[in-house]
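Beneath this line is the structure, given in structure tokens, with notes to follow.
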Amino acid sequence: MNKISIKSDDRVIVLTGAGISAESGLPTFRASDGLWAGNRIEDVCTPEAWQRDPWRVWEFYSARRKAGAEAQPNPAHVALAELESRLGDRFFLCTQNVDDLHERAGSRRLVHMHGELSKAHCENDCGHAPVEDRAIYQNLAEVGRCACGGRLRPHIVFFGEIPLEMERIQHEIDRATLMVVVGTSGSVYPAANFVHWARQHGARTVYVGPEPPLNAAAFTHVVEGKAGEALPGLFLVE
Ligand SMILES: NC(=O)c1ccc[n+]([C@@H]2O[C@H](COP(=O)([O-])OP(=O)(O)OC[C@H]3O[C@@H](n4cnc5c(N)ncnc54)[C@H](O)[C@@H]3O)[C@@H](O)[C@H]2O)c1
Ligand SMILES: [Zn+2]
């Protein structure tokens, strides 16, 4: 396999999706007909689902927390943390994942654009910052409330809500000369558009995953393979 060379004036942005955590045993979501761990998105991951049945939502995310805590980073997470340690602030990671496997592998310059399993925030969006919350709830009565009286909900960007940190992500895409996208089906927006933004100013764009994503045509290079096998050793830092 050809290596991807990174020169001393390159800036790298990496976008990861559910596929990078697949080899850690966390199921992806399109893999099973649009179900996430057997659940329909509209039952567990939309503002309407939260309004209708907050316990169903917390039950789902409690199960995701349990599975996430039991999973371990795989060689793909480690390869990205190692790349960051070599490139320093010329590296930036944007993940769509809500697990913390990137952090646990050592990544530091990262944002979770779709939120984090390990936090909760007020359902009223009253301005209080998200709080750390790794509880695996057994019933809704255990779930805490914000000072404003609102119930705490998972710190997850539900479908139909605006992703987090978009200004910073846009800024990092604008100055990147290489974009590497790993394990995402190219079906969730705006993340599926990032490759187009990068191409607009001439960045090289590489996709890594076992099958071409929906937006495959926008990549200058597609590396077909599992992330944990393809990423270690893929980069040649000059
Ligand atoms: N681990 C997590 O945090 C997690 C898991 C499932 C879903 N989600 C959420 O659901 C949404 C899912 O969208 P998405 O595009 O990230 O994922 P997706 O489930 O839509 O697509 C997964 C992609 O990963 C690829 N893939 C499967 N195995 C792989 C491997 N070993 N190596 C590399 N790629 C592999 C598949 O070909 C597919 O293109 C995201 O917004 C995310 O927040 C998160
Ligand atoms: Zn509040």
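Heavy-atom basis, side chains included; hydrogens, waters and symmetry copies ignored. Please read these numbers as outputs of a predicted model, since none were measured by experiment. Order of listing sets the numbers, starting from 1, for every ligand and every atom in it.
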As an exercise, identify every atom of ligand 1 less than 4.0 angstrom from a heavy atom of [X].
X: Ala22; value: 28 (N)
X: Glu23; value: 30 (C), 31 (N), 32 (N)
X: Asp99; value: 1 (N), 2 (C), 3 (O)
X: Gly17; value: 16 (O)

Taking the non-hydrogen atoms of Val182, is any one of them nearer than 4.0 angstrom to ligand 1?
->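 No, Val182 has no heavy atoms under 4.0 Å from ligand 1.
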Ala192 to ligand 1, any heavy atom closer than 4.0 Å =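 So Ala192 does not count as touching ligand 1.
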For ligand 1, does [X] get within less than 4.0 Å through its side chain, its backbone, both, or neither, judged by non-hydrogen atoms?
X: Val188; answer: side chain
X: Ala227; answer: both
X: Pro27; answer: backbone
X: Lys226; answer: both

[Y]/[X] salt bridge by N-O under 4.0 Å criterion:
X: Arg134; Y: Asp100; answer: yes
X: Asp43; Y: Arg40; answer: yes
X: Lys66; Y: Glu70; answer: yes
X: Arg90; Y: Asp9; answer: no
X: Asp99; Y: Arg104; answer: no

Heteroatom count (protein N, O or S) under 2.8 Å of the Zn ion (ligand 2) |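 For the Zn ion (ligand 2), the figure is 4.
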Would Arg65 count as a cation-pi partner of Tyr137, with NZ or CZ less than 6.0 Å from the six-membered ring centre and within 45° of the ring normal?
->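 Pair Arg65/Tyr137 does not count as cation-pi.
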Within 45° of the ring axis of Phe60 and under 6.0 Å from its six-membered ring centre, is that where the NZ or CZ of Arg56 lies?
->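 Checked: cation-pi criterion not met.
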Given the rule that I, L, V, M, F, W and Y join up when any side-chain heavy atoms are under 4.5 Å apart, are [X] and [Y] in one cluster?
X: Trp55; Y: Val44; answer: yes
X: Leu101; Y: Leu93; answer: no
X: Leu87; Y: Val78; answer: no

Where the closest heavy atom to [atom] is concerned, which of [options] has it?
atom: atom 3 (O) of ligand 1; options: Asp100, Val181, Leu101, Val98; answer: Val98
atom: atom 27 (C) of ligand 1; options: Ser185, Pro210, Pro213; answer: Pro210
atom: atom 23 (C) of ligand 1; options: Ala18, Gly183, Ala67; answer: Gly183
atom: atom 41 (O) of ligand 1; options: Glu211, Glu224, His114, His102; answer: His114

Can you find a side-chain donor-acceptor pair between His112 and Glu103 that sits under 3.5 Å?
->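 A donor-acceptor contact under 3.5 Å links the two side chains.
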Count the heavy atoms of every other residue, nucleotide or ligand shown that sit under 6.0 Å from CD of Glu238, and state whether that count exceeds 12.
->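 Yes, the 6.0 Å shell around CD holds more than 12 heavy atoms from other groups.
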Co-members of the apolar cluster containing Tyr207 [side chain, <4.5 Å] =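 Ile13, Leu15, Phe92, Val111, Met113, Met166, Ile169, Ile173, Met179, Val181, Phe194, Val195, Trp197, Phe219, Val222, which link up through side-chain heavy atoms under 4.5 Å apart, make up the rest of the cluster.
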Please say whether Ser187 places an N or O atom under 3.5 Å from an N or O atom belonging to ligand 1.
->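 Between Ser187 and ligand 1 (N or O atoms, distance only) the closest approach is not under 3.5 Å.
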